[in-house]
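Structure first, commentary second.
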Amino acid sequence: MIKVSDGEIGSREFFAILYVMMAIRVTDSTPNLLHESGLTASWMIPLISGVALIGPVLLLFRLVKKYETGLIEITFELTGPFFGRLIAFLIFLSVFSSLSLNSRNYADIVITMYYPESSVLWILAVLILGAALYIAHRGLEAIGRTALLVVPLFIVTSVCLVFSTTNEMNYLFLFPIAGSGVTEVAKGGIGYSSLYADVIIAGVLASQVRTFNAYRKASVWGLWVSIGKMAIFLAVYVMVFDFHAVRNIAFPYHHLTRMSMVGTIANRMEAVYLAFWYAGAALHFAAYLYISAFLLGKVIGYKPFKQLLFPVAGTAVVLGMVPENYLEGGPLRMALLYSSSGMFLLLPVVLWGLDRMRKREKK
Amino acid sequence: MGDFLKRLFEGAGGDQQASANDVPKDPFSTNLDDNGKRLEELFLFPLNDALKFRELTTQSGQRVKVLFVTGAADTDKISDYVIKPLLNSETEGKQGLTDEIMNHVLTISGTEKISDFQAAVLKLINGNTVILIDGEKEGIAVETAGFESRQVAEPTREIVIKGPKNAFVESNDINHSLIRRQVKDHRLVSETAMVGVESPQKISILYLDHIVDRELVKKVKDEIDQIDKAAILTLSELEELLEERPYSLIPSTLSTERPDRAASFLNEGHVVLLMDNSPDALIAPVTFWALFHTAEDQFLRWAYGNFARIIRTIALFLALLMPAIYVAVVTFHPELIPTDLLLAIAASRERVPFPTLLELLLMEITFEILREAGIRVPAPLGSTIGIVGALILGQAAVQANLVSPLLVVVIAITGLASFAIPDIGLSVMTRIIRFIFIAAAFFMGFVGIALAATAMLAYAASLKSFGVPFFAPLSPHMPSSRDLFLRPILKKQWLRPLSMRPRDAIRAKPKGRSGS
């Protein structure tokens, strides 16, 4: 019998959480990184990342199925308390620094594109301390349910955006099809695979998903829908702006929304997209905050981890204020993505290897 | 000494009367006069003329006392079905006089044996007649309740054009019969609970035993048991006491005045509470969909019902967001408005000295005052107030340059939209949340609206009413007939929403044609 409110989430809610964690990346400066390394073929990079992630994700599924619990508990079980804590701390660091850097990034986008007279701190604080902290505080159920309610709207707005800019597209801009070269693109694909490592990070929540099948189904769907969306949007950016221009555009998504038109009456629709994008951002950061606090709780062995939400959010805002401007954050993000890519690709493999060794020892 | 301390701390005055529940459970004595005297004392006899009694002697010389409370009991019934048969009865020398009278003399349907004073008092205040017989340790309570009640009338809040037009009234019995008429099922259970320590009132808990989740019934009963109040007069009071979050904007129960709605909730596995004096039924648990749907959606044909629902969805969003969007667009995102309209707005606002927010709040508050005044205004004056409020005030405010004409349109649309929201709780909630959105829009434009909306959505989505999430079965997703924003045709509504945890989830499954 299905229990309605047992603190666990179903497959659709988990899918929605993964969607808000990953798919929103098309709107920030991630496409710039990918355009830089893939040029006209940047749309292939997410697909290659997806291929690179198949192995680790399948191994993770095996582990979760076998141990019937979340990623962190598995790590503690297999590597012992010390290394377990260390790995949990490393994951926490990557999640937390991504939270902090991205939140600054989002605040910068708003300041640059929409509200040039507001201060970064104000936007950051309202976004992270106000909305995301509140949503995360209501718990994982609330994040999942809210995400499930609004994700269909996000998908609809994305489709609308693509369709309302078809007039501006030129598919010939996608050629040469291999862009910067096959090896460059493949390297970029593997190097940036941590953009989708959220699917592995979200494994820490696996024990809070109702069934293993729900977890697996949601992970697979969350992964390919986000990758598909990124690939489509990268192609759209190149088709609309051409790759020379797109490398110099700071925030292609927001420039795209400025080109979106509905007939001749409403020809400046960007504020509408802004609203939906920011609702998504609040949920994105809520999920990140929740996972950060959850991991930190595991690291320091503190059960009521919800009390850590506020310090984590406050620190994220303060650290987000450190870079002088948006450009300083860029290299940091790149370094973060590259270093965490290796970690997330290897973590399930290492855990799986340890699991095998243990099995052999027992025999 | 102990007694004194007890009285000191409990604050019980010396001459305070015990409430009905505190009447000692002393058994009747065999002496008729003693019993009568005791009851007189309990009802403060010479002072209080409520308790009436009639002493009579049967054909065989047996002394009998008939007691009832005026106003509560129906005197015609008493004289026809109690006193007349008693006077004509022959009861001499028979054993078990009480049984004899109950079984062979009284010609009224409901009788019950009682043996102590507490039961007697409870029966009397509920309109029953108590018959005491000399020499017997037991009395008889006869159902003669005759509280004044009005006729079943049309609903006033939940009006439909097509569909049944009777509404609950203040009488519990009539309300029961209205529901039984809809749900002809022997498994419709009606349990009784008492609330109120000083003046206890009966509450009926109705549910369909083969559908409802047993835990839900237990939860509702537990909640009712925990209520610790002197007197509860209406269901609305009970509603607040049952609620898990009395401060919250979002209601956790629903009151309906339509028996057909109550019946359809019963069929989905909800619990319905009825109470004397309340012309409505309380439904628990409640979801957003229950607040958003109306009875008519199902009565109208599929397309018509869904058209109404689409309009209502739009109205809900307009009522919530229209003024906030106006503020956001005018102060932060003027590029959103087509140029011609933008110029028109600028021209109309040119002569208004106030900032947009102030202008908007002025108009909003005026409208809210109008609405509140409209409810209290005596009916003959209503139309006059409407004309003064809407026409003269609006026109004059624009001409006096207090507000711009466009804003009057915005407020009027918002007001109209909020009247389209069916449930009173949802409607008031929308009106209050609208002000939060206005503030958010004023501070941060669309970003503010988006963040406020997401946070509030997260709050609403995390709420539970008696364990059922507010947006279930949409989010969290549960199997159901998808009777949510739109409804499927009736043939496809064969599954009860699993979020209610029904014991029997499947209504009659369709055979053959799927209706497409």
Side-chain angles (χ1 to χ4, degrees), chain A residues 1-6 8-13 15-16 106 110 114-115 117-118 122-123 126-127 130-152 210 258 264-283 286, chain B residues 213 215-216 285 287-288 321 324-325 328-329 331-342 440-441 443-479 497-503 505:
Chain A
M1 178 126 236
I2 299 175
K3 281 210 166 160
V4 180
S5 283
D6 43 10
E8 295 190 336
I9 55 177
S11 62
R12 294 194 189 202
E13 288 115 282
F15 162 75
Y106 280 55
V110 176
Y114 302 99
Y115 298 160
E117 277 154 40
S118 301
W122 171 231
I123 305 260
V126 172
L127 171 65
L133 177 62
Y134 177 75
I135 298 168
H137 189 78
R138 302 293 305 179
L140 187 64
E141 273 186 327
I143 303 175
R145 287 174 194 171
T146 319
L148 181 55
L149 285 172
V150 289
V151 159
R210 213 164 272 138
R258 292 202 168 191
T264 49
I265 306 164
N267 39 24
R268 297 295 296 276
M269 299 294 295
E270 73 253 30
V272 177
Y273 292 105
L274 167 72
F276 283 106
W277 168 61
Y278 233 59
L283 279 169
Chain B
D213 174 26
E215 269 176 50
L216 170 67
T287 59
F288 171 76
L321 291 171
I325 288 177
V329 166
T331 45
F332 286 91
H333 313 280
E335 77 281 350
L336 202 61
I337 314 169
T339 318
D340 292 346
L341 183 60
L342 188 67
F443 282 116
M444 295 189 65
F446 273 10
V447 165
I449 296 179
L451 294 182
T454 320
M456 276 189 264
L457 201 60
Y459 172 72
S462 66
L463 288 189
K464 284 161 205 165
S465 152
F466 294 91
V468 178
F470 192 57
F471 285 108
L474 178 70
S475 167
H477 174 78
M478 296 270 160
L498 285 197
S499 49
M500 290 298 307
R501 277 198 267 166
R503 280 147 54 78

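Within every chain, numbering begins at 1; the chains are lettered A, B, ... in the order of the sequence lines, protein sequences first and strands thereafter.
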Just how far is it from atom NE2 of A/H137 to atom OH of B/Y459, taken to the nearest 0.5 Å? 12.5 Å
For A/Y273, is the OH atom crowded, meaning more than 12 foreign heavy atoms sit under 6.0 Å from it? yes
Between chain B and each of A/G280, A/A281, A/A131, A/A279, count heavy-atom pairs under 4.5 Å; write down the option with the most. A/A279
Scan A/L127, A/V126, A/L274 and name whichever one has a side-chain contact (heavy atoms from CB on, under 4.5 Å) with B/V447. A/L274
Quick check on the interface: out of A/T146, A/V272, A/L283, A/V150, who has the most heavy-atom pairs with chain B under 4.5 Å? A/T146
What distance separates B/L457 CG from A/R138 CZ, expressed to the nearest 0.5 Å? 12.0 Å
Identify the heavy atoms of B/A455 and A/I135 that sit nearest to each other, and give their distance. CA-CG1, 4.1 Å
Side-chain contact test, heavy atoms from C-beta onward, threshold under 4.5 Å: evaluate it for B/M478 versus A/R12 and give yes or no. no
Do we see a donor-acceptor contact under 3.5 Å between the side chains of B/S475 and A/R145? no
Once rounded to the nearest 0.5 Å, what's the spacing between atom CZ of B/F332 and atom OG of A/S118? 6.5 Å
What do the steps show when you test A/Y278 against B/F446 for side-chain contact (heavy atoms from CB on, under 4.5 Å), and what is the final call? CA-CA 9 Å; A/Y278 233 59; B/F446 273 10; over 6 Å; no
OH/A/Y134 to OG1/B/T454 distance, rounded to the nearest 0.5 angstrom? 12.0 Å
Does some side-chain heavy atom of A/I123 sit less than 4.5 Å from a side-chain heavy atom of B/M444? yes
Is it the backbone or the side chain of B/I449 that comes under 4.5 Å from a heavy atom of chain A, or both, or neither? neither
Out of A/A286, A/A271, A/A275, which one racks up the most heavy-atom pairs below 4.5 Å with chain B? A/A271
Below 4.5 Å, heavy atoms only, C-beta onward: do A/F15 and B/H477 meet side chain to side chain? no
Tightest non-hydrogen contact, residues A/A142 and B/S462, listed as CB-CB, 3.6 Å
Side-chain ion pair, A/R258 and B/E335, N-O less than 4.0 Å: no
